[in-house]
Structures are given as structure tokens and as C-alpha cells.
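These numbers were taken from a predicted model, which means no experiment stands behind them. Convention: sequence-line order gives letters A, B, ...; per-chain numbering from 1.
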Amino acid sequence: MSAEISIQDSISAAIIEILQGAKGELNCDLPEAITLDRPKNRDHGDYATGIALALSKPSGKPPREIAELIKAGLANRLEITKVDIAGPGFINITLAKASQGGVIAKILSDGKKFGHGKVLDGKSINLEFISANPTGPLHLGHTRWAAVGDALGRVLSAAGAKVTREFYINDRGVQMDLFGASLRTSAQGEPRPEDGYHGAYIDDLSKEIVAAHPEILKLAEPELTHAFRDYGYQLQLDQQQSVLNAFGTKFDVWFSEKSLYEGNFFAHCQEVLKAKGHVFDLDGATWLRTTDFGDDKDRVMVKSDGSLAYFASDSAYYISKRERGFDICIYMLGADHHGYVGRLKALAACNGDDPEYNIDVMIGQMVKIMEGGEEVKLSKRAGTIITLEELVEKVGVDAARYTLIRYPVETPMVMDVDILRSRTNENPVYYVQYAHARICGVLRNAAELGIKYGSDQIHPELLVHERERELIGQLGEFPRVVAGAAELREPHRVARYVEELAGVYHRFYADCRVLPLGDETPSELHAARATLCSVTAQVISNGLELLGVSAPEKM
RNA sequence: GCGCCUGUAGCUCAGUCGGAUAGAGCAACCGCCUUCUAAGCGGUAGGCCGCAGGUUCGAUUCCUGCCAGGCGCGCCA
């Protein structure tokens, strides 16, 4: 991160200063920062703001009068050519040509770090996602989080946060026991338990276990089922880990639920919550009074028969996260778990935390998959599932990741396998990757022609074409997009930005010849445009990197 | 019944603190390769932003009520 501030920031600061100078006159609260939008209509300049309209009401002054005040204050700034007041009081700012060169210089000096910022500097974030049971393959719902969670982790890190990516393994409890029983019955040719696991992968796993450990069948119950459970667990976890690795999703911590009950950690957690005064006993069970903080009902931690309710692990796990020093705990959950939001927030409050700050629960809507014009129903137990692995086989890692990331998680999405498999430009990932490959081709040719490009070849005063202006402006937006994506936890913004940037580049390319034609002599304009190409490639590549999608040099 | 999410072009979907003429891709139609990657570019057509109120200078955006779809509401995990 370079120490320089962007041009938007410096103009924003200048406007704030002007307004503060007139505070007596305005007599109202002023915002901390001014948002400068890039107007769609180019007649509206390079940046526009509706701040005068927004301040009109609280100050009791006509918006145009406030706009005039700002215009006068900005008049002498070197980087600004023109300030117009339009319509009811919009302020349109046109930048000096040379000032746009700053963006190019900054991309060149920051390189791979361009776009990184510090809006989340100093925050320690625990990012938990996927957290599938180790009782089967990862399916489509997990795959959405595998892509989005990983991208969010990259975006948060780029915004300056210290991020720990964590996968919570439900390695104890009823589901694990059912898994063991399913494997054992499969190996012994018995009917599966009613509510057990029925997928064909169970037969494969049990065969693999028996082949590797033939002596297992000599065990008596309950050791027999436990042995199947434990061997099956290890194989399934290995499988999940290798699939995620191939998908480009990495975790810092694989957190075992079982470990919460090692030593006296769980007892410690209960003591902690008890000390805060929200634990009570009723009907022989131990409860947490989450209704103190807006939950629908109180939650059982230890059941009356002494066994542990699921919420016991939830609460101990949260306390573990906080005691390990994380300020913000992000949970990425499926829509079928949205009922958890209330109890998790209440749990944080019971622990004396701020539920609006220390906990951030993201709810991802369902992913449907269409094939041959029909919806493929997902049912893990029945075994008719599309797994992460199968999806990648069909469409490839880049297309799968990109498609899953480019929609906000609260949007229920439909993936059409036939379209994704067709490898046409119906998939925007190709559009973006193609722009990158196209630039790399141009730069290879530039090198052959001996055209130099780089920090001493910016020549901003020559880049006066409308397409060049658009491209430079779009490049300058990247840091703000990354910061916004991080603060709002919306990595899809990076994908949308990169698509737009690719479009702006393609239009530039169509209208502005980069390299000399025929025997034309290479000029400074050729060098300046080649430099602009190289920084565009850098930004596309940086954007795709945040999504975990490759930026090919040739296609 | 209560709660959360969704409803925007034929299809899949964007739309930031409420802003200027509501956008993209695909599909349809018409153009553009004698030199940098046509996986591209330009153009045409396509809209009751689910419906009805409210707040305001201004609402796709905020509030209320309805309609439709999805998902939840256990001492299950």
C-alpha cells in the first residue's frame, strides 16, 4: 500500500474542508466523507456528487447556493479543470488530463498490491465457511461457500484485515454414529439404518476400509461400528480436503468439534457464561437464556439425560474464537440455517460482546442446478447429488468459481450445467479472461517491435481519447471497489467490476490502435497506450486473483 | 400462524448514503476482420423495477399493507 491518497480522496477531503469553513453559515452536521460517483453520462464530468442536494434540507439553504460555495472553493485546485453545477444542484467535476497519469503511475508502482487498502486495518477476523459434516462428499451448497468464502477471505485480507479461514468439522455426535453404522451395515450386507446415509459412496468407502483394514471385521460391537466411523471419517475428511485444495480453497484451521470437549474447555465455557448470569437449570437440563437478547426461545446446552445439545458446541466454539483473539467472527451459513442468526447473536450478547460488531452471519440462498432443461434435485442422503468434484469436471475450476462468486449470496441462483459446459461467452469469465489474454498478446507484439512501456512512458497528456479517459477512470475505481466489497462482505462486486473493466478495455481496443501500423514509426503515443494496456492487465489480474480465478496470458 | 430471503427486459441477473435518461450478458435483428487475439466492437428492438399506499425537491432504493415463490420455526444435528 502506497502512502499516496487517490484523487477522489483528496477532492473529497477538499470539499469537506470547504464545508467546514462554512459551518457557521450551514449550521448542520457534515458527513465525514463525500462520495464521488462516476457519472454514466460523460457530459457530467469525471466525478459527480449530490452532496449539495443532501445538505440542502438540514441547512435550510437552496442546493444551488451550497453547490456554488463548493465550486468556488475548488476553483484553484490544479488537478481540476472544470466544476459545473447541473440540474437541481449536482456538482460535476472534470479532472485535468495530466492528473489522470497519477493512476497509471500508482498501478505501476503498486503492482500486485494495487487495490489493497486499509479500511480493515488492525481487525482480526475469523472467517468460518463450508463446515460440512465429514460424512459425505461436498455438494453444490458447499461449493458456493467454497468459492465465495475463499474470495471473501482474499478480499478481507486485501483490505488490511488479519484473516483466519476456518473449517469446523462436526466430528462427533449423532450424525457421525449414523455414518459409522451406515458403513458397517454396508460392509456386512445388512440393510442400512433408516435415517442413515444411503449414497453409493458409502459402499465404496466401506469396501475401501475393509480392504485396508481386513482385521476390522473381527471386532465386536460397539468397537466395530466405531472403527468404521473413525476410518470412514479420516477417508472422507481427506477427500474433502483434497477436493477443496484442487478447487483453490485453502483453510488455515481445520477445527475439530470434538476438541471442544477435550481437557476442561467445555466446563470452562459454561463457567464463563454462568459468570455473566445467563445460564439456568430447568427440568434437569442446562439452558442459556438467549431470550435476554432477542432470541425467540431459550436454548438447551446440556439435555436432561446429560447428553450435549448441538447448541453446546455452538456456544463453546464461539467462546473459543473470541478467546483466540478474533474481533469479528463471520459465519457463512445456508438459508436452511437462517434460524440460527438470532441465537448466535444472542449468544454473543450473553458473552458480553456486541452482537452487531463481534458477530457477522451471512446467509447464502440455495443453489439450484439445471441440466437438460430440468432441475436436478439435491439429496445428500439419497445420494443423488451433484458434488463439487463433478461440477468442476463438467465446467472447470475457473468457470465454476467465477459463476458462483458473481452473484450476491442472498440471491437464490440457478446454474445451468449445459450453458456452463458449452464454453461459450455466455459465461462472463471468458469475457474477462479474454481481455487479459488479448492485452498480453498486444504486449508481446510491442516487445517484438521494441516499443518500451512502463513508468517512464506514461505520457498522460497524450491520452486524450474518450476511450482512454474512460479506461483510466475505471482503473482508478478498483481500490474503492475492493474496500467496498470487504466492508459489505460482498466479493461479487469485484467480479462485476472486472467485467466492466474488461468491457471498457475492449471498447478502447476497438477504437484506439495501440501498436504502429505497417512501417509507421513508433511514437510516444504508442508507448503511452502500451503502458495503459499493461496497467489494465495488472488490474484485471489483481481482480481475478481476489476471486481465485486464473488470468491466462494466452487463450 | 410467526420469522428470514427473493420478485427489475423473452432468459439469467447487476443496480453502493435515496439522485440526472433504470443497466449487463444471453437470445432476436442489422452492421464491422487487407496489419495489435472477432472468445471482440458498434447499432436496433425489448421495462407497470410484483401490486397499493406513505415519507420527500426526488423512491427500483426507505416505511406500512397485500400478492407470489423459496427456506426455517425440536431437550434433531
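Residues A:Gln175 and A:Asn170 bring no donor and acceptor atom of their side chains to less than 3.5 Å of each other. Between the side chains of A:Glu499 and A:Tyr402, at least one donor-acceptor pair of N or O atoms lies under 3.5 Å. Between the side chains of A:Asp171 and A:Ser256, at least one donor-acceptor pair of N or O atoms lies under 3.5 Å.
For the pair A:Tyr431 and B:C41, the criterion of a side-chain N or O lying under 4.0 Å from OP1 or OP2 is met. OP1 or OP2 of B:C76 sits under 4.0 Å from a side-chain N or O of A:Lys303. Proximity of A:His492 to the phosphate of B:A24: no side-chain N or O atom is located under 4.0 Å from OP1 or OP2. Contact annotation: A:Arg299 side-chain N/O to B:C75 OP1/OP2 distance is not under 4.0 Å.
Taking 90° from 0 as the syn/anti boundary, the base of B:C33 is oriented syn.
Between the side chain of A:Thr290 and the backbone N or O of A:Arg343 there is no donor-acceptor pair closer than 3.5 Å. Between the A:Thr531 side chain and the A:Ala527 main chain, a donor and an acceptor come within less than 3.5 Å of each other. At least one donor-acceptor pair under 3.5 Å links the side chain of A:Lys345 to the backbone N or O of A:Pro355. Side chain of A:Arg192 to main chain of A:Tyr197: a donor-acceptor pair is present (N/O by atom type, distance under 3.5 Å, no hydrogens or angles).
Nucleotides B:G25 and B:G42 place their P atoms 8 Å apart, quoted to the nearest Å. Straight-line distance between the C1' atoms of B:C57 and B:U6: roughly 32 Å, to the nearest whole Å. One C1' atom belongs to B:C66, the other to B:C30, and the distance between them is 45 Å to the nearest Å. Comparing B:C62 with B:U16, their C1' atoms are spaced 15 Å from each other, to the whole Å. Distance noted for atom P between B:G69 and B:U8: 15 Å (whole Å). Rounded to whole Å, the C1' atom of B:C41 lies 15 Å from the corresponding atom of B:C36. When the C1' atom is used for both B:A38 and B:C32, the distance is 9 Å, rounded to whole Å. For B:U61 and B:G7, the C1' atoms lie 15 Å apart once the distance is rounded to whole Å.
A:Met413 comes within contact range of the sugar-phosphate backbone alone, with a heavy-atom separation under 4.0 Å but no base atom that close. A:Lys554 comes within contact range of at least one nucleobase, with a heavy-atom separation under 4.0 Å. Within the 4.0 angstrom heavy-atom criterion, no nucleotide atom of any strand lies near A:Asp314. Base engagement by A:Ala285 is indicated by at least one non-hydrogen atom pair under 4.0 Å involving a base atom. Within the nucleic acid shown, A:Asp37 has no heavy atom closer than 4.0 Å to any nucleic acid atom. Residue A:Ala435 is out of contact with every strand shown, counting any heavy-atom pair closer than 4.0 Å. Using a 4.0 Å heavy-atom cutoff across all strands shown, A:Val514 reaches at least one base atom of the nucleic acid.
Remark on RNA chain B: of its neighbouring residues A:Glu499 and A:Ala335, the 5'-side contact belongs to A:Glu499, judged by nearest-heavy-atom nucleotide.
A straight line from OH of A:Tyr497 to P of B:C13 spans 26 Å, rounded to a whole angstrom. Rounded to a whole Å, the NE2 atom of A:His506 is 6 Å from the P atom of B:G40. Rounded to an integer number of Å, the gap from A:Phe90 CZ to B:G58 P is 13 Å.
Between A:Tyr505 and A:Phe508, a ring centre-to-centre spacing shorter than 6.0 Å is recorded.
A salt bridge between A:Arg480 and A:Glu477 is present, with a side-chain N of the basic residue lying under 4.0 Å from a carboxylate O of the acidic one. Under a 4.0 Å N-O distance rule, the pair A:Glu470/A:Arg467 qualifies as a salt bridge.
In this structure, the salt bridge (Lys or Arg N to Asp or Glu O under 4.0 Å) partners of A:Lys82, at least two apart in sequence or on a different chain, are A:Asp84.
For residues 439-447 of chain A, proximity to RNA chain B is found at A:Gly441, A:Val442, A:Arg444, A:Asn445, defined as any non-hydrogen atom under 4.0 angstrom from a strand atom.
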Report summary line: Each nucleotide of nucleotides 4-9 of chain B classed B (base within 4.0 Å of a protein heavy atom), S (only sugar-phosphate) or -, in 5' to 3' order, makes BSS---
